[in-house]
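Shown next, in structure tokens, is the structure this report addresses.
Both counts, for ligands and for their atoms, begin at 1 and track the order of listing. Bear in mind the structure is a predicted one, so any value in this text is a computation, not a measurement. The first residue of the sequence shown is numbered 1, and numbering continues consecutively from there.
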Amino acid sequence: MGTGLFIVIEGIDGTGKSTQAKRLAEWFRSQGREVVLSREPTDGPWGAKVRESAATGRLAPEEELEYFLNDRRQHVEELIKPALSAGKVVILDRYYFSTMAYQGARGFDPASIRERNEAFAPRPDLLLILDLEVDQALTRIGVRGDTANEFEKRENLEYCRNVFLSLADEPFTRVIPTGGSLDEVTGRILSEMNAHHH
Ligand code: TYD
């Protein structure tokens, strides 16, 4: 995939993905790299529909899976591939590993979800899994468990965390513990960046 660098940040809600994604983008910019920072679901039409559904009532499982796949196809074609071909650093806050986790939690087989995605979605050079115990994640997002919306329920998150951790042995994966301060977590991520380049 060109000369770009493709980094994906994953993890359950409450692990601080978006903050760390922004900080990582800033770090690459300070190194003189051109960075594209993006997220899934995207702000495109399919992504907007799934975001809406979190508030207005969740989509049926099949429909939800299709929407995430459609959103990603568009993201890959319109943003990810062109940016990588242009030699940029692409940093994503969530990607198809989230589909394996969250739609896996809705009953689909994570391995088949992975195959369907890898038919069109390039693998990242580096997958950073921000990890945290589910109890701590729920505390961070201010949820006690009984008031959580569908996406945030404890069992879902337990399932999702396990799917993410099942990717730990892939050569491109680094598991980053997110206990401690934001700065400590950023430090852990940046030391992985340095290790990756040398
Ligand atoms: P998130 O990035 O957490 O959105 P926000 O910043 O608005 O909280 O993503 C929203 C939810 O979408 C999150 O709970 C995970 C879910 N999701 C899936 O279920 N499947 C997917 O493929 C992706 C990318 C996200």
Side-chain angles (χ1 to χ4, degrees), residues 6-25 36-80 90-124 127-132 134 136-143 145 147-167 178 182 185:
F6 188 16
I7 300 177
V8 170
I9 302 185
E10 291 278 11
I12 58 173
D13 312 72
T15 51
K17 288 181 306 304
S18 53
T19 302
Q20 298 301 337
K22 278 184 205 129
R23 289 180 170 198
L24 187 57
V36 172
L37 174 59
S38 190
R39 64 171 185 172
E40 291 187 3
T42 71
D43 296 320
W46 296 103
K49 278 181 211 182
V50 283
R51 279 180 194 285
E52 270 169 37
S53 78
T56 60
R58 206 162 168 187
L59 300 164
E62 287 76 14
E63 203 177 12
E64 188 181 69
L65 177 60
E66 285 310 317
Y67 283 25
F68 278 117
L69 287 166
N70 291 345
D71 186 43
R72 185 162 303 122
R73 274 190 203 98
Q74 202 167 8
H75 202 199
V76 165
E77 290 310 316
E78 293 176 8
L79 185 140
I80 298 170
V90 174
I91 299 173
L92 296 191
D93 178 353
R94 296 195 186 281
Y95 194 39
Y96 63 85
F97 311 99
S98 277
T99 318
M100 293 170 64
Y102 289 83
Q103 279 59 59
R106 294 200 84 180
F108 296 100
D109 171 34
S112 337
I113 294 175
R114 182 175 180 171
E115 272 179 37
R116 283 186 73 178
N117 277 278
E118 289 183 345
F120 69 88
R123 281 192 187 178
L127 167 62
L128 302 173
I129 294 174
L130 303 200
D131 186 49
L132 191 65
V134 170
Q136 293 178 52
L138 288 169
T139 304
R140 281 193 191 169
I141 59 185
V143 166
T147 56
N149 74 28
E150 185 69 28
F151 276 165
E152 288 167 343
K153 277 187 187 151
R154 177 179 308 266
E155 290 137 47
N156 272 347
L157 291 188
E158 291 284 3
Y159 183 96
C160 291
R161 182 184 184 213
N162 288 333
V163 172
F164 288 135
L165 291 178
S166 76
L167 295 157
T178 64
L182 287 175
V185 177

inquiry  = Side chain, backbone, both or neither: which applies to Gln103 and ligand 1 if a contact is any heavy-atom pair less than 4.0 Å apart?
reply    = side chain

task = Work out whether the distance between some heavy atom of Arg72 and some atom of ligand 1 is less than 4.0 Å.
result = yes

request  = Measure from the side-chain N and O atoms of Arg140 to the backbone N and O of Gly14, and report whether any donor-acceptor pair falls under 3.5 Å.
outcome  = yes

task = Output yes when the distance from some N or O of ligand 1 to some N or O of Asp13 is under 3.5 Å, and no in every other case.
result = yes

query = Of all the atoms in ligand 1, which lie at a distance below 4.0 Å from a heavy atom belonging to Ser98?
reply = 20 (N), 21 (C), 22 (O), 23 (C), 24 (C)

ask   = If you measure from the Lys or Arg side-chain nitrogens to the Asp or Glu carboxylate oxygens, is any gap between Arg154 and Glu158 under 4.0 Å?
value = no

query = ligand 1 and Thr99, any nitrogen or oxygen pair closer than 3.5 angstrom?
reply = yes

query = So, Lys17 and Asp13, do they make that salt bridge, N to O below 4.0 Å?
reply = no

inquiry  = For atom 3 (O) of ligand 1, tell me which residue out of His75, Glu64, Arg94 has the closest non-hydrogen atom.
reply    = Arg94

inquiry  = At under 4.0 Å between heavy atoms, is it the side chain or the backbone of Val50 that contacts ligand 1, or both, or neither?
reply    = neither

query = Given Met100, Glu40, Arg51, which one has a non-hydrogen atom that is nearest to atom 6 (O) of ligand 1?
reply = Arg51

ask   = Backbone or side chain, does any N or O of Tyr102 fall under 3.5 Å from an N or O of ligand 1?
value = no

Pairs satisfying salt bridge (charged side-chain N to carboxylate O under 4.0 Å, His left out), at least one member in residues 67-78, at least two apart = Glu40-Arg72, Glu77-Lys81

inquiry  = Tyr67: which residues meet the ring-ring contact (aromatic ring centres under 6.0 Å, His included) condition with it, sequence neighbours left out?
reply    = Trp46

key: Side-chain donor/acceptor of Arg51 to backbone N/O of Pro41, under 3.5 Å   = yes

ask   = Does the distance from a Lys or Arg side-chain N to an Asp or Glu carboxylate O, for Glu66 and Arg116, drop under 4.0 Å?
value = yes

